[in-house]
K.L.:
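Can you keep this structure in mind? I'll have questions shortly.
In what follows, every heavy atom counts, from backbone to side chain, and hydrogens, waters and symmetry copies are set aside.
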Amino acid sequence: TTSAEWFGLAIQAASSGIGGVKVSNSGGILGVDIIDMMMKSDLVGWICTIVIMLFSIASWAVIILKFIHITVASRQTKEFLEEGMAGAATLEEAYKAAADYPDSPVSQLLREAYIELDTEGWYNEGYEADASGRIELARLGIERVLERTIATEIDHMEAYLPFLATTSNVCPFIGLFGTVWGIMAAFQALGMHGAGNIASLAPGLSTALITTVAGLFAAIPASVAYNYLTSKVKVLTTRMDSFALELSNVIQKQMAKEQV
């Protein structure tokens with residue numbers, strides 16, 4: 001039997017019903033009975049489908065968790081910049097206002113920088129240096145604190161996002177493995193039972209089709225969510241970088257006034 005003949009038999013099986021049974025409308029609005037296809041699938045098809053389903057469940061949990069986390073962070077960052085900072089006349093007032101925005105990475109920058117200045121106070125004493133030297137030491141210290149805080153906040157926002165990338169990359173290949181396995185099983189059944197027994201193709205065709213659909217079903221939402229969430233993280237990272245530069249300049253000016 002050639003490949004063209006086998007393809008014709010597969011079309012015949014799809015149009016007339018596997019095993020001589022006419023395809024009904026039992027699939028509902030989807031037009032496909034997924035449960036029936038899974039029941040006709042072989043062991044490898046079941047294993048591939050279950051693994052993909054586990055990936056899908058975990059990825060949806062990550063999508064919901066990170067969507068809530070990043071959405072709240074974006075909203076609080078906007079509110080902090082527009083309301084908290086706008087209503088603060090001094091760094092101390094801004095520090096107190098930042099406590100109302102605990103999920104904003106930008107507010108955490110201000111809090112960490114202010115704590116560094118307030119608790120250490122080393123830019124005023126403890127070093128045998130002139131005013132400009134102490135200001136330079138303070139600038140370097142603040143920049144290190146800001147860089148560390150930015151890195152920590154980025155790691156926090158990007159936590160679990162690589163799993164979405166893994167799901168979008170791995171699941172189609174698991175589905176492809178099931179597809180190839182199912183086609184191999186269908187060819188083997190066709191060789192053993194001949195072209196007259198269409199029902200022998202059911203396990204192989206079911207495995208090939210259900211694993212392909214499952215792989216795409218898991219990969220597409222994970223890929224879309226990963227691209228969307230990483231773009232939101234990039235926006236927040238840009239805001240943190242801009243705010244860190246502005247905050248560093250404000251702190252240096254305030255220290256310079258205190259040294260006069």
Side-chain angles (χ1 to χ4, degrees), residues 59-124 132 134-166 221-260:
S59 67
W60 274 106
V62 172
I63 290 171
I64 294 173
L65 175 66
K66 299 307 295 184
F67 179 81
I68 294 174
H69 173 206
I70 295 176
T71 299
V72 172
S74 299
R75 188 187 74 246
Q76 289 196 6
T77 295
K78 181 179 179 181
E79 293 175 352
F80 173 70
L81 293 176
E82 294 179 354
E83 301 173 9
M85 291 297 295
T90 63
L91 280 176
E92 184 177 0
E93 292 180 2
Y95 170 76
K96 293 178 180 179
D100 297 330
Y101 308 93
D103 294 316
S104 170
V106 172
S107 70
Q108 295 303 313
L109 286 176
L110 188 143
R111 289 173 59 85
E112 293 295 328
Y114 184 85
I115 290 173
E116 174 73 10
L117 289 172
D118 186 58
T119 58
E120 296 295 336
W122 43 259
Y123 62 90
N124 282 325
S132 62
R134 289 195 295 272
I135 292 175
E136 179 64 17
L137 289 173
R139 183 187 67 81
L140 295 175
I142 291 300
E143 287 180 355
R144 284 194 294 266
V145 170
L146 293 175
E147 289 175 0
R148 184 184 69 238
T149 304
I150 289 175
T152 301
E153 292 299 321
I154 291 175
D155 289 341
H156 182 54
M157 290 188 293
E158 291 183 343
Y160 306 114
L161 289 184
F163 180 79
L164 297 181
T166 300
S223 179
V224 173
Y226 176 78
N227 291 330
Y228 172 77
L229 294 174
T230 51
S231 67
K232 300 294 285 186
V233 171
K234 288 180 180 178
V235 171
L236 287 173
T237 301
T238 301
R239 287 193 173 186
M240 284 193 293
D241 291 335
S242 300
F243 183 79
L245 292 174
E246 181 180 354
L247 180 61
S248 179
N249 291 333
V250 171
I251 292 175
Q252 289 181 58
K253 290 178 181 178
Q254 179 171 329
M255 289 187 299
K257 290 179 181 179
E258 294 178 358
Q259 295 296 332
V260 175

K.L.:
To the nearest 0.5 angstrom, please state how far the CD1 atom of I70 sits from the CG atom of L236.
P.N.:
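One gets 7.5 Å once the value is rounded to the nearest 0.5 Å.
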K.L.:
Minimum heavy-atom separation for Y160 to V62, with atom names?
P.N.:
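Scanning both residues, the minimum pair turns out to be O-CG1, 3.5 Å.
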K.L.:
Is there side-chain contact between R111 and Q108, with at least one heavy-atom pair below 4.5 Å?
P.N.:
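R111 vs Q108: side chains touch.
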K.L.:
Whether the side chain of S59 engages the backbone of A222 through a donor-acceptor N/O pair (distance < 3.5 Å, no angle test) should be reported.
P.N.:
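Judged by distance alone, no pair lies under 3.5 Å.
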K.L.:
According to ring pair (Phe, Tyr, Trp, His ring centres under 6.0 Å), does anything in residues 229-249 pair up with another residue at least two apart or in another chain? List the pairs.
P.N.:
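The answer is none; no pair qualifies.
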K.L.:
Among L161, I63, T166, find the residue that satisfies the side-chain contact (heavy atoms from CB on, under 4.5 Å) test when tested with Y226.
P.N.:
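The side-chain contact (heavy atoms from CB on, under 4.5 Å) with Y226 is passed solely by L161 among L161, I63, T166.
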K.L.:
Distance-only, no hydrogens or angles: does the T71 side chain make a donor-acceptor pair with backbone N or O of I68 under 3.5 Å?
P.N.:
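Here the side-chain-to-backbone pair does not exist.
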K.L.:
To the nearest 0.5 Å, tell me how far T152 OG1 sits from M157 CE.
P.N.:
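Reported to 0.5 Å precision, the distance equals 10.5 Å.
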K.L.:
Please give me the minimum heavy-atom distance between L247 and L109, naming the atom from each residue.
P.N.:
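Heavy-atom minimum between the residues: CD2-O, 4.0 Å.
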K.L.:
Which heavy atom of A244 sits nearest a heavy atom of I150, and at what distance?
P.N.:
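Here A244 and I150 meet closest at CB-CD1, 4.0 Å.
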K.L.:
Is it the case that atom CZ in F163 sees more than 12 heavy atoms from other parts of the structure closer than 6.0 Å?
P.N.:
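Yes, CZ of F163 has more than 12 neighbouring heavy atoms, counting only those of other groups under 6.0 Å.
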K.L.:
Is there a side-chain contact between S248 and L146 (heavy atoms, below 4.5 Å)?
P.N.:
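A side-chain contact exists here, since the closest heavy-atom pair is under 4.5 Å.
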K.L.:
Working to the nearest 0.5 Å, report the span between OG1 of T149 and CZ of R144.
P.N.:
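Between atom OG1 of T149 and atom CZ of R144 there are 12.5 Å.
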K.L.:
Quick one: pull up NZ in K96 and CD in E92 and give me the separation to the nearest 0.5 Å.
P.N.:
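Here the interatomic distance stands at 4.5 Å.
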K.L.:
How many angstroms lie between CD1 in I142 and CG in N249, if you round to the nearest 0.5 Å?
P.N.:
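Answer rounded to 0.5 Å: 12.0 Å.
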K.L.:
Return all side-chain donor-acceptor pairs below 3.5 angstrom for residues 75-88, not counting sequence neighbours, or 'none' if the list is empty.
P.N.:
{"unit_1": "Q76", "atom_1": "OE1", "unit_2": "D103", "atom_2": "N", "d": "2.9"}
{"unit_1": "T77", "atom_1": "OG1", "unit_2": "A73", "atom_2": "O", "d": "2.7"}
{"unit_1": "T77", "atom_1": "OG1", "unit_2": "S104", "atom_2": "OG", "d": "2.9"}

K.L.:
Within the side chain of K66, is there an N or O that forms a donor-acceptor pair under 3.5 Å with the backbone of E158?
P.N.:
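Looks like no, no N/O pair under 3.5 Å.
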K.L.:
Starting at CH2 of W60, measure out to CG of L65 and round the result to the nearest 0.5 Å.
P.N.:
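If I round to the nearest 0.5 Å, the distance is 14.0 Å.
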